[in-house]
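Data block below; observations after.
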Amino acid sequence: MSRLLLLLTLALTPAIVVAQTVLDYRVLERKPHSRDNFVQGLQIVDGDLWESTGGYGESRLLRYDFATGKLRDGRRLNPRLWGEGLVVVEDRIFQLTWRARAMLVYRRDSLEVEQVLRLPGEGWGITWNGTQLIQSDGSDKLFFMNREDARITRTLAVTADGTPVYQLNELEWIDGRIWANVWKTDDIVIIDPDTGKVESRLDLTGLLPDSDRLRGTDVLNGIAHNPADGAIWVTGKRWPWLFRIEPFERADTAH
């Protein structure tokens, strides 16, 4: 009887969930950014800033000199394709498309499309952990895949305080963690790639001043870690600035 009572007690006791840490930010620097760019992917590699932009008939792959902001070169996508996230891996560039279930693979030196890999669903964000591509599709799942054929080897469910986190968008791999924009919010979530648990939520409310918001200015989207100095840069869709930020733990969530 006592054993039955113990089992019932355990069943009715809520699981203990460790609350995520909330991060605030400081703006350390900003750089001008083209308002024309509906940013879907952002990455800094070897002094170049790579961007993928969206919109039917407007989607492009762009390469800027990061120090000067000067456009070095670029490529327009087929008007029937909507560009999404991108990631540079060694001598190749992987660029997602939204609903076409296709990932474009470019040669980094020439920006020529060398391969088109099939996706099982929509493409949103993508990053690289050193061994595999990691892709989001707007759900609460992240997909680990081989870069040679886009074959999915693992699916990771993302949760915050035990609740699924949906609309995961642009991704960046930073110091062993996956950073993800959450679409239509001012949040970036920082995810443990082994468990899928959100360890921290970076609240970027107010990053773009109201005075810089024009008709057509859209949501926060775009995370780039500069491997040269460790700086973290963020921007949004049709935003006039790239912001270098320093996250720090919000006082009321400190342990």
Side-chain angles (χ1 to χ4, degrees), residues 37-43 50-62 74-89 92-106 113-129 132-160 163-173 177-191 193 196 198 216 218-224 234-239:
N37 294 359
F38 194 78
V39 176
Q40 304 284 42
L42 196 71
Q43 189 177 5
W50 294 87
E51 287 195 35
S52 172
T53 69
Y56 290 117
E58 301 177 8
S59 294
R60 292 176 293 170
L61 171 66
L62 302 169
R75 183 182 178 95
R76 287 189 176 274
L77 275 63
N78 185 297
R80 293 175 294 179
L81 297 178
W82 180 298
E84 287 283 345
L86 94 164
V87 66
V88 180
V89 180
R92 297 293 183 270
I93 304 160
F94 298 83
Q95 184 181 28
L96 298 174
T97 63
W98 182 24
R99 290 176 168 170
R101 299 195 173 195
M103 178 163 61
L104 308 178
V105 185
Y106 303 82
V113 176
E114 134 177 310
Q115 192 177 11
V116 178
L117 299 176
R118 303 304 299 172
L119 298 173
E122 293 184 357
W124 284 44
I126 192 167
T127 190
W128 170 255
N129 67 0
Q132 288 195 301
L133 300 170
I134 306 170
Q135 182 220 328
S136 65
D137 67 351
S139 70
D140 62 327
K141 304 295 193 301
L142 295 175
F143 305 95
F144 291 70
M145 58 177 61
N146 295 333
R147 65 174 171 176
E148 295 82 8
D149 57 8
R151 182 176 65 86
I152 295 173
T153 61
R154 179 184 169 219
T155 300
L156 182 69
V158 177
T159 60
T163 301
V165 180
Y166 295 96
Q167 298 189 316
L168 299 170
N169 201 1
E170 215 267 324
L171 305 177
E172 185 82 353
W173 180 266
R177 293 294 181 263
I178 304 166
W179 292 45
N181 283 113
V182 181
W183 187 43
K184 293 186 179 179
T185 76
D186 292 316
D187 290 343
I188 291 173
V189 290
I190 301 172
I191 304 160
V198 172
D218 212 295
V219 297
L220 176 79
N221 199 52
I223 312 165
V234 297
T235 191
K237 301 179 182 186
R238 300 198 178 103
W239 282 24

Just verifying a value: how many Å separate [X] [atom1] and [Y] [atom2], rounded to the nearest 0.5 Å?
X: M103; Y: I126; atom1: CE; atom2: CD1; result: 5.0 Å
X: L61; Y: E51; atom1: CG; atom2: CD; result: 10.0 Å
X: L42; Y: L171; atom1: CG; atom2: CG; result: 12.5 Å
X: I93; Y: L86; atom1: CD1; atom2: CG; result: 7.0 Å
X: Y166; Y: L168; atom1: OH; atom2: CG; result: 10.5 Å
X: I191; Y: W173; atom1: CD1; atom2: CH2; result: 10.5 Å

In the structure I gave you, are the side-chain heavy atoms of [X] and [Y] within less than 4.5 Å of one another anywhere?
X: V113; Y: R75; answer: yes
X: W98; Y: W124; answer: yes
X: L104; Y: V116; answer: yes
X: R147; Y: W128; answer: yes

Checklist entry - Quick one: which of E58, R238, R60, K237 gives a side chain to side chain donor-acceptor pair (under 3.5 Å) with N37? => result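 Only one of E58, R238, R60, K237 forms a side chain to side chain donor-acceptor pair (under 3.5 Å) with N37, namely R60.
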Could you list the donor-acceptor pairs under 3.5 angstrom formed between side-chain atoms of residues 150-159 and any protein atom two or more places apart in sequence or on another chain?
{"residue": "T153", "atom": "OG1", "partner": "Q132", "partner atom": "OE1", "Å": "3.2"}
{"residue": "T153", "atom": "OG1", "partner": "Q132", "partner atom": "NE2", "Å": "2.7"}
{"residue": "T153", "atom": "OG1", "partner": "F144", "partner atom": "O", "Å": "3.4"}
{"residue": "R154", "atom": "NH1", "partner": "P193", "partner atom": "O", "Å": "3.1"}
{"residue": "R154", "atom": "NH2", "partner": "P193", "partner atom": "O", "Å": "2.7"}
{"residue": "R154", "atom": "NH2", "partner": "D194", "partner atom": "O", "Å": "3.0"}

Exercise: identify the closest heavy-atom pair between [X] and [Y]:
X: N169; Y: E84; value: OD1-OE1, 4.2 Å
X: P164; Y: D140; value: CB-OD2, 3.5 Å
X: S52; Y: Q95; value: OG-NE2, 2.8 Å
X: L119; Y: A102; value: CD1-O, 3.8 Å
X: R177; Y: I190; value: CB-CG2, 3.8 Å
X: L117; Y: D149; value: CD2-CA, 4.0 Å

Item to check | Inter- and intrachain pairs under salt bridge (charged side-chain N to carboxylate O under 4.0 Å, His left out), touching residues 114-123, at least two apart | outcome: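 Checked against salt bridge (charged side-chain N to carboxylate O under 4.0 Å, His left out) - neighbours excluded - the pairs reaching residues 114-123 are R92-E114, R99-E122, R107-E114.
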Determine yes or no for a side-chain-to-main-chain donor-acceptor pair under 3.5 angstrom, with [X] supplying the side chain and [Y] the backbone.
X: N146; Y: E148; answer: no
X: Q43; Y: V88; answer: yes
X: T97; Y: L81; answer: no
X: T235; Y: G222; answer: no

Checklist entry - By side chain to side chain donor-acceptor pair (under 3.5 Å), which residues pair with W239, not counting sequence neighbours? => result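 Counting only residues at least two positions away or on another chain, W239 forms no side chain to side chain donor-acceptor pair (under 3.5 Å).
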Next on the checklist: Does I134 form a side-chain contact (heavy atoms from CB on, under 4.5 Å) with V87? I'd like the steps, not just the answer.
Outcome noted: CA-CA 10 Å; I134 306 170; V87 66; over 6 Å; no
